[in-house]
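Before any comments, here is the structure.
Whatever order the structure lists ligands and atoms in, that order sets their numbers, starting from 1.
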Amino acid sequence: MNVLVRGRRRHFRTVDFDETRNAVRLIEQRLLPHTFKVVATRDYRETARAITDMIVRGAGAIGATAAFGLAQGARAFRGGGLARFAAQVETVYRTLADARPTAVDPVNAMNEIRRRMAAGRTVAEQQALALAAARAFADEAVAHCEAIGRHGAPLIRDGLRVQTHCNAGWLAFVDIGSATAPLYAAQAAGRRFHVFCDETRPRSQGASLTAWELAQQGISHEVIADNAAGHLMQRGEIDLVIVGSDRVLGRTGEVANKIGTYTQAVLAHRHGIPFYVAIPLSTIDWNLRSGRDIPIEERTGSEVLSAWGTLADPKAGSRRRKAGARVYVRVANPTSGARNPGFDVTPPELITGILTPVGIFKPKDLWKRRRELGG
Ligand code: MRU
């Protein structure tokens with residue numbers, strides 16, 4: 001996606017790989033929307049930490065990061081012994097798979113890399129195959145988002161008011177995004193529409209990331225508090241909701257996504273508003289049999305009790321801090337603790353359609369259409 005950095009518009013991918021330095025290159029998403037910076041992780045442990053600490057986040061983006069991280073760990077191996085190499089790859093795989101538990105894309109991506117690596121007869125061949133497979137995964141992820149855009153664009157009619165939750169935009173993928181793909185395709189087709197970005201407490205990915213993307217793209221939008229959506233729906237000000245997902249169960253059609261998605265789906269259902277979930281095929285989990293089995297990440301309570309931001313008014317900060325300085329502020333009562341589940345699960349009956357690179361499906365139809373969906 002094109003980004004305006006210091007007055008110049010340039011194309012960036014969220015995740016990339018520097019072959020010479022054996023480094024994964026990532027947009028430092030924790031600094032957005034205030035600072036645009038690309039960082040590099042020097043080894044697979046740093047790459048896993050970048051996922052855990054959310055330098056990179058979003059199912060598709062952490063899928064590609066894990067794919068490159070696996071190649072990075074494999075390429076760092078010195079020696080010719082295949083057994084020791086396999087043990088190293090297993091350690092790298094485990095470390096990256098454990099970095100964040102809810103999204104299935106990292107595991108699906110790394111399984112695919114390992115499957116392709118198996119064709120190599122020597123360590124060197126497997127190392128080369130690992131990087132080629134990681135690059136192929138990243139390119140395919142972009143192609144999937146393009147195809148989601150083609151299938152989803154007809155949903156975005158002229159004048160539509162669309163609600164999103166969290167960030168399933170290009171920052172959550174390698175490029176383009178899943179929930180944003182139909183918006184970008186509709187914009188390219190000359191349609192005008194308005195987007196309400198749910199703020200998405202506690203980390204505010206909607207306010208900081210989706211709003212930034214839409215601003216970069218010149219799409220009309222406003223940020224709303226998560227709890228404003230019901231009111232706008234009741235007043236007829238929202239026509240359609242589109243979100244991404246971190247794991248869709250192919251067997252049941254249940255959708256794990258950023259905390260608060262279930263609430264928005266219940267509200268949309270109550271008001272008869274279509275609710276779509278846009279995903280690449282790497283987000284489908286064909287194994288789990290129940291949404292109750294999806295590992296839901298519990299994050300630190302400090303994300304709920306406090307917030308990051310920049311000083312808008314110099315008078316608001318201490319004398320030494322200037323406007324624009326990044327600060328962390330305590331919002332909640334100082335002696336209170338917090339509970340912070342990162343994701344929730346939306347049942348299939350609340351979902352109008354699962355928008356995929358091969359078309360739009362009823363959630364309950366995923367299993368019987370699994371051949372088309374790569375299951
Ligand atoms: O915790 P995050 O920011 O990694 O959460 C992921 C999300 O942004 C959303 O849940 C998104 O809709 C799915 S990721 C494409």
Side-chain angles (χ1 to χ4, degrees), residues 1 14-15 26-33 48 50-66 99-106 108-109 141-142 144-145 148-149 152 162-183 195 197-213 226 241-248 254-265 275-285 294-300 303-304 308 340-346 351 354-357:
M1 194 54 71
T14 308
V15 183
L26 303 166
I27 293 173
E28 194 357 327
Q29 299 196 31
R30 296 173 307 178
L31 302 183
L32 287 171
I51 294 173
T52 304
D53 296 345
M54 295 179 68
I55 288 175
V56 60
R57 34 64 52 205
I62 64 173
T65 305
R100 285 193 80 191
T102 303
V104 77
D105 302 62
N108 282 343
V142 178
H144 278 193
C145 289
I148 290 169
V162 184
Q163 184 194 338
T164 61
H165 191 69
C166 196
N167 172 262
W170 71 269
L171 289 163
F173 286 87
V174 177
D175 207 345
I176 301 168
S178 66
T180 48
L183 306 178
V195 181
C197 312
D198 284 357
E199 173 192 26
T200 321
R201 282 283 291 146
R203 285 187 68 103
S204 302
Q205 293 95 325
S208 59
L209 304 179
T210 305
W212 179 77
E213 273 193 33
D226 301 328
V241 184
I242 184 162
V243 299
S245 172
D246 298 83
R247 189 185 298 238
V248 172
E254 287 159 290
V255 167
N257 195 45
K258 182 49 58 193
I259 193 75
T261 302
Y262 170 54
T263 318
Q264 304 305 335
F275 188 97
Y276 286 92
V277 178
I279 53 159
L281 301 185
S282 59
T283 302
I284 306 179
D285 179 333
I294 298 174
I296 299 293
E297 180 180 14
E298 289 275 346
R299 295 187 61 87
T300 167
E303 291 181 346
V304 176
W308 280 101
N340 187 14
F343 299 89
D344 58 26
V345 178
T346 300
I351 298 165
I354 308 279
L355 176 48
T356 77

Any chance you could measure [X], atom [atom1], to [Y], atom [atom2], to the nearest 0.5 Å?
X: Leu183; Y: Thr164; atom1: CG; atom2: OG1; value: 8.0 Å
X: Thr356; Y: Leu281; atom1: OG1; atom2: CG; value: 6.0 Å
X: Trp170; Y: Ile27; atom1: CH2; atom2: CD1; value: 3.5 Å
X: Thr283; Y: Arg247; atom1: OG1; atom2: CZ; value: 10.0 Å
X: Asp105; Y: Asp246; atom1: CG; atom2: CG; value: 7.5 Å

Write out the residue and atom name of the closest protein heavy atom to [atom], then the distance separating them to 0.1 Å.
atom: atom 8 (O) of ligand 1; value: Arg57 NH2, 2.5 Å
atom: atom 9 (C) of ligand 1; value: Asn257 OD1, 3.3 Å
atom: atom 6 (C) of ligand 1; value: Asp246 OD2, 3.3 Å
atom: atom 7 (C) of ligand 1; value: Cys166 SG, 3.3 Å

Exercise. Quick one: do the Ser245 and Asn257 side chains pair a donor with an acceptor below 3.5 Å?
Worked result: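 No pair is found: no donor N or O on one side chain lies under 3.5 Å from an acceptor on the other.
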
Exercise. Can you tell which of His165, Lys258, Gln163 makes a side chain to side chain donor-acceptor pair (under 3.5 Å) with Gln264?
Worked result: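 Going through His165, Lys258, Gln163 one by one, the side chain to side chain donor-acceptor pair (under 3.5 Å) with Gln264 is satisfied by Gln163 alone.
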
Problem set entry | Result of checking Gln29, Arg203, Arg57, Gln205 against Asn167 for side chain to side chain donor-acceptor pair (under 3.5 Å) |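 Exactly one pass, corresponding to Arg57.
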
For [X], atoms of ligand 1 separated by under 4.0 Å from a heavy atom:
X: Asn167; answer: 7 (C), 8 (O), 11 (C)
X: Lys258; answer: 1 (O), 2 (P), 5 (O), 9 (C), 10 (O)
X: Phe343; answer: 1 (O), 5 (O)
X: Gly58; answer: 4 (O), 6 (C), 14 (S)
X: Arg100; answer: 1 (O), 2 (P), 4 (O)
X: Phe173; answer: 15 (C)
X: Gln205; answer: 1 (O), 2 (P), 3 (O)

For this session: May I ask you to check whether His165 has an N/O atom sitting below 3.5 Å from an N/O atom of ligand 1?
Result: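 Min N/O separation from ligand 1 is not below 3.5 Å for His165.
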
Problem set entry | Backbone or side-chain N or O of Ser178 under 3.5 Å from ligand 1 N or O |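 No; the residue has no nitrogen or oxygen that sits under 3.5 Å from a nitrogen or oxygen of the ligand.
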
Exercise. Do the side chain of Thr200 and the main chain of Cys166 share a donor and acceptor less than 3.5 angstrom apart?
Worked result: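 Looks like yes, one N/O pair under 3.5 Å.
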
Quick one: look at [X] and ligand 1, take heavy-atom pairs under 4.0 Å, and tell me if it's side chain, backbone, both or neither.
X: Met54; result: side chain
X: Ser245; result: backbone
X: Ala59; result: both

For this session: Mind listing the closest non-hydrogen atom pair of Gly244 and Val277 along with its distance?
Result: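 Smallest heavy-atom distance, with atoms named: O-CG1, 3.7 Å.
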
For this session: Take every heavy atom of Arg203, measure it against each atom of ligand 1, and state whether any distance is under 4.0 Å.
Result: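 Arg203 does not count as a contact of ligand 1 under the 4.0 Å cut-off.
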
Exercise. Do NZ/NE/NH1/NH2 and the carboxylate oxygens of Arg201 and Asp226 come within less than 4.0 Å?
Worked result: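 No salt bridge links Arg201 with Asp226.
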
